[in-house]
Amino acid sequence: MPDRSADDDFVQRLQRGDETAWASWYTELAGAILGYVRSRGAADPDDVLGDVFAAAAERIASFEGRAENLRPWLFTIAHHRLADDHRRRRRRSTDAVEPTVLADLHPPDDDFGDVAADRLDAAGALAMLEWLTDEQREVVYLRVVADLTIAETAEIMGRTPGSVKSSQHRALARIQRHLGGEPYPIARSDDDEDEHD
Amino acid sequence: MTDPRGLGGPEDDDVGFDRSAHPALSGFFDALDDLAEPPADADVRLAHIDSAAATAAGNGPAHRTGAGDGRTWGAVGLRAAAVAAALAVIVAGLGSDDRLPAPAQRVVSSIAERVGVDLPDGAGDAEGTPEDPATDAQPGASTGHRPHRDEGTTERPDREPLEIPRTTSGSAGSPASPAVPASPERRAAPERAGGAPPEPPAPAEPEQRTTPTAPEHRVEPDTRAGAAGTGADTRSEKVRAKP
């Protein structure tokens, strides 16, 4: 990831509508944002991606902060956009994971334990994320792929840092157990496991 | 400190995720990275985003972005284009001996450039001043693309902030952003709370065209091409008075 901390005028360039700056920023983050919305189960990830950057273009004038704050700011926009999408579609529930989703991706006899972790692909990662609660899924992605700090992740999700740490730990433990081939419980609501604000 | 199970130990709130602390999950992390593949139509989307960003910054014609505020930005773009077109006609009507003062010429050229209106040859030249690369009309300006494409540098010290009136539109349907002061460049831009559209061109008056009239007696803006020359000061005042 390019080091923006020394690029003091990068924010001003974005605010001026500098095409080069926008092209650079889009190239840097489009994939990460797209993966984020995919991991959150957006029905039309490409459409959400476009909406996120369009919203960023509209709001960049009101952005206050340094260049290194742009990444969490953009993911915040994506988070809210997905929340709108979920409210509208009511596609995903935190209380249960539909077994048909997993069956479509992996037949019952496909034991993750037989699959070496280093042979997983994007589809396999998505399938494993399905075993997590919504909050755990989001924490894992924001922390691992988006490379955000605990504090940034907590701010985006409206949670406490402690809650984020707890979700991360439980999520990774679940994935670990799954890769180890142990039986997996269906994901329960985060209220049973994590602390909330 | 790493957890022997590979799940990692306590983490600082302000540092990124340490993948090396979770060696057992390295394959899973790599698979997650595969989710972050850039979109196939990145070039197309980037063009839309560039347009939205330029419009939001007041630097180009409006395009519908699909984000819901297309009509607002479209209206601003149309008003700006109408102003620029009127200015272009005014400038085109000037004879070789009548040129706008340099500041007015810069405004006209800048507006026309940014909204994609081609000025007549020489219209962007100020009296007695060498050609300014920042105000020269660029190829492709009529297509609506911004003429200056930065190549490695983004500083434009010779370009003044464009004072095109913009309506301040909120992000309808989106979570509200906290109210924050505008950036310095945008504070300089005048805010217009729903101003009037530009004046329509005056009806044709052939008698007026053939009758010599002193500049100080002209009271109506003559936006027709080829109109008789008028006092440069009067025109510059009209140019400045226009939003």
Side-chain angles (χ1 to χ4, degrees), chain A residues 9 12-23 26-27 30-32 34-35 38-39 46 49-51 53-55 57-64 80-81 84 116-122 124-126 128 140-141 143-145 147-151 154 161 165 169 172-173 175-176 179, chain B residues 5-8 10-17 19 22 24-39 41-42 45-46 48-50 52-60 65-67 69 146 149-152 154 169 171 173-175 177-183 185-186:
Chain A
D9 69 335
Q12 285 75 27
R13 288 165 58 198
L14 291 176
Q15 290 173 330
R16 289 197 300 264
D18 186 312
E19 291 180 1
T20 302
W22 277 97
Y26 179 82
T27 302
L34 190 59
R38 285 171 178 159
S39 73
D46 291 336
L49 171 68
D51 287 350
F53 273 93
E58 292 174 7
R59 302 178 199 177
I60 191 66
S62 61
F63 174 83
E64 280 195 338
H80 288 299
R81 176 61 181 81
D84 292 343
D118 60 3
R119 291 208 297 270
L120 280 175
D121 57 6
L126 274 177
M128 299 189 74
V140 166
Y141 190 91
R143 289 283 290 144
V144 175
V145 182
D147 197 26
L148 299 176
T149 66
I150 294 280
K165 289 181 188 176
H169 181 83
L172 296 182
I175 299 295
Q176 174 65 45
L179 288 175
Chain B
R5 293 178 300 162
L7 296 176
E11 292 182 88
D12 193 315
D13 287 2
D14 295 322
V15 297
F17 185 80
R19 297 191 182 197
H22 310 268
L25 300 177
S26 60
F28 170 66
F29 297 152
D30 292 340
L32 281 181
D33 288 337
D34 289 345
L35 285 175
E37 285 293 317
D41 55 349
R45 293 186 179 276
L46 184 56
H48 286 296
I49 291 164
D50 278 345
T55 302
N59 291 337
T65 64
D69 286 332
R146 296 180 64 201
R149 192 160 194 88
D150 294 309
E151 297 180 6
T154 56
S169 68
S171 300
S174 303
S177 298
V180 293
S183 61
E185 294 91 334
R186 298 184 71 77

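Below, chain A is the first sequence line, B the second, and so on; all start at residue 1. None of these values were measured; they are calculated from a predicted model.
In terms of heavy-atom proximity, B:Gly16 sits nearest to A:Thr149 at N-CG2, 4.1 Å. The minimum heavy-atom distance linking B:Ala36 with A:Tyr141 is given by the pair CB-OH, 3.8 Å. Listed here is the closest heavy atom pair of A:Leu179 and B:Phe28: CD1-CB, 4.4 Å. The two residues A:Arg38 and B:Glu37 have their closest heavy-atom pair at NH1-O, 3.6 Å.
The one candidate from A:Leu172, A:Val144, A:Val140 that meets the side chain to side chain contact (heavy atoms under 4.5 Å, CB included) condition with B:Leu25 is A:Leu172.
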TODO: Walk me through it: do B:Asp33 and A:Val145 pass the test side chain to side chain contact (heavy atoms under 4.5 Å, CB included)?
DONE: CA-CA 6 Å; B:Asp33 288 337; A:Val145 182; 4.1 Å; yes

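Qualifying salt bridge (Lys or Arg N to Asp or Glu O under 4.0 Å) partners for B:Asp34, counting only residues two or more places apart in sequence or in other chains: none. Shown here are the ring-ring contact (aromatic ring centres under 6.0 Å, His included) partners of A:Phe53, two or more places apart in sequence or in another chain: A:Trp25, A:Tyr26.
No part of B:Asp30 comes within reach of chain A, as not one of its non-hydrogen atoms sits under 4.5 angstrom from that chain.
Rounding to the nearest 0.5 angstrom, the gap separating the CG atom in B:Leu32 from the CE atom in A:Met128 is 9.0 Å. A distance of 9.5 Å separates CG of B:Leu35 from CG of A:Asp121, quoted to the nearest 0.5 Å.
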